[in-house]
**Q** 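So that we are looking at the same thing, I have put the structure below in structure tokens.
Letters A, B, ... are given to chains in the order of the sequence lines, protein chains preceding strands, and every chain is numbered from 1.
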Amino acid sequence: MPELPEVEVVRRGLANWVAGRTVADVQVLHPRAVRRQPAGAADFTARLTGTTLGTAQRRGKYLWVPLAGSGAGFSLIGHLGMSGQLLVQDPSVPDETHLRVRLRFADGGRELRFVDQRTFGGLAVEEAEDGDPEGTPLSIAHIARDPLDPRFDDVAFAAALRAKRTTVKRALLDQTLISGVGNIYADEALWRSRLHYDRPTATLTRPQAAELLANAREVMTAALAVGGTSFDSLYVNVNGESGYFSRDLDAYGREHEPCRRCGTPIRRAAWMNRSSYFCPRCQRVPRVRSGG
DNA sequence: CAGTGGCCCTGTCTGC
DNA sequence: TGCAGACAGGGCCACT
């Protein structure tokens, strides 16, 4: 499940392996993989063929590559969804079972493959912000900056979080408030902050909001340092290698295992059609006071 | 308008 | 052995 650290690992791989290369040929093997392209797969292919790829960029879980040459003013945008992979493969490697899109390059070297089992991810060629050297696609203007972005505004985030009339985990997963946080790192940040996932955001103090942000930033930085979190073969870097952070998780996926702080078994709760892992002792739901 | 909940998708695992 | 159902869950969009 690629979240910010995993997507950043992939971004670095793209920056290393495809920047400066010219696209010779594009194959779309599953139409759903380019469903963000309004005019369809043929348009996607036409807009990409012959362009030169720039340096990959990222905001939250979105990746994009600015295009130069015939593609100037546009970017190739990608989202990995739950199971998407961008692999830089030797052309002799047999096609992956869930290969959706292939880019061949004019230099005849390793090709770029988008592989996606569950097809929640996808690629598209989109118009970029006018004059933006990073080529930020217009379609992600609503996505907030992420906590590893030097331009992320900590004070504004804390204020916006506390102004919300929702619960804290919902807010962490709201990509218009803070991007890059998914189910895994939300649970980890909440565990580190001793906050229950259903805690109303309006009851957080300013220091609690600041600590939650610091913990989200810290856990994602630590995960990035070891290549991200891989539970299975669904998340790998561009060379097909797994990350090692899963062994360092404190809450996510640890149902019945002892809390590393207090020893109480970690509990899993159904939440929003997914799961929340938390320590029932360290992370208590604040009791609603009557009368106010 | 802000907040909420349903849906998309496929492979793996569990229980009957 | 086979089949149904649960589960993994990010983002979009209709609805309140």
**Q** Which nucleotide, B/dG5, B/dG3, C/dG10, lies nearest any side-chain atom of A/Lys61?
**A**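 Taking heavy atoms from C-beta onward, the closest nucleotide is C/dG10.
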**Q** Check whether any side-chain N or O of A/Ser275 sits under 4.0 Å from OP1 or OP2 of C/dA8, and answer yes or no.
**A**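 Yes, because at least one side-chain N or O of A/Ser275 sits under 4.0 Å from OP1 or OP2 of C/dA8.
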**Q** Assign each of A/Ala163 and A/Arg274 to its nearest nucleotide of DNA chain B by heavy atoms, then name whichever residue's nucleotide is nearer the 5' end.
**A**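 The answer here is A/Ala163.
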**Q** Would A/Trp64 and A/Glu126 count as a side chain to side chain contact (heavy atoms under 4.5 Å, CB included) if you check the C-alpha gap in whole Å, the side-chain angles of each, and the deciding distance to 0.1 Å?
**A** CA-CA 10 Å; A/Trp64 69 88; A/Glu126 294 182 354; over 6 Å; no
**Q** Give a yes/no answer on whether the side chain of A/Arg268 brings an N or O atom under 4.0 Å of OP1 or OP2 in C/dA8.
**A**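 True: A/Arg268 side-chain N/O within range (under 4.0 Å) of C/dA8 OP1/OP2.
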**Q** Is the phosphate of B/dC9, meaning OP1 or OP2, less than 4.0 Å from a side-chain N or O of A/His98?
**A**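 Checking B/dC9 against A/His98, no side-chain N or O comes under 4.0 Å of OP1 or OP2.
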**Q** Strictly distance-based, threshold 3.5 Å: is any side-chain N or O of A/Arg247 a donor or acceptor partner for the main-chain N or O of A/Leu249?
**A**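 Looks like no, no N/O pair under 3.5 Å.
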**Q** Side chain of A/Arg36: nearest nucleotide among C/dC12, B/dG3, B/dC9?
**A**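 Selected nucleotide: C/dC12.
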**Q** Among B/dT4, B/dG6, C/dA8, which nucleotide has an atom closest to any side-chain atom of A/Asn273?
**A**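 Taking heavy atoms from C-beta onward, the closest nucleotide is B/dG6.
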**Q** Where the side chain of A/Arg165 is defined as all heavy atoms beyond and including C-beta, which of C/dG10, B/dG3, C/dA8 is the nearest nucleotide?
**A**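 Between C/dG10, B/dG3, C/dA8, the one nearest the side chain of A/Arg165 would be B/dG3.
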**Q** Consider the side chain of A/Arg170, meaning its heavy atoms from C-beta on, and name the nucleotide among C/dG10, C/dC12, B/dT4 that approaches it most closely.
**A**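 My answer, after comparing the listed nucleotides, is B/dT4.
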**Q** Look at the side chain of A/Arg254 and the backbone N and O of A/Pro258, then say whether any donor-acceptor pair between them is shorter than 3.5 Å.
**A**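 It does hold such a pair.
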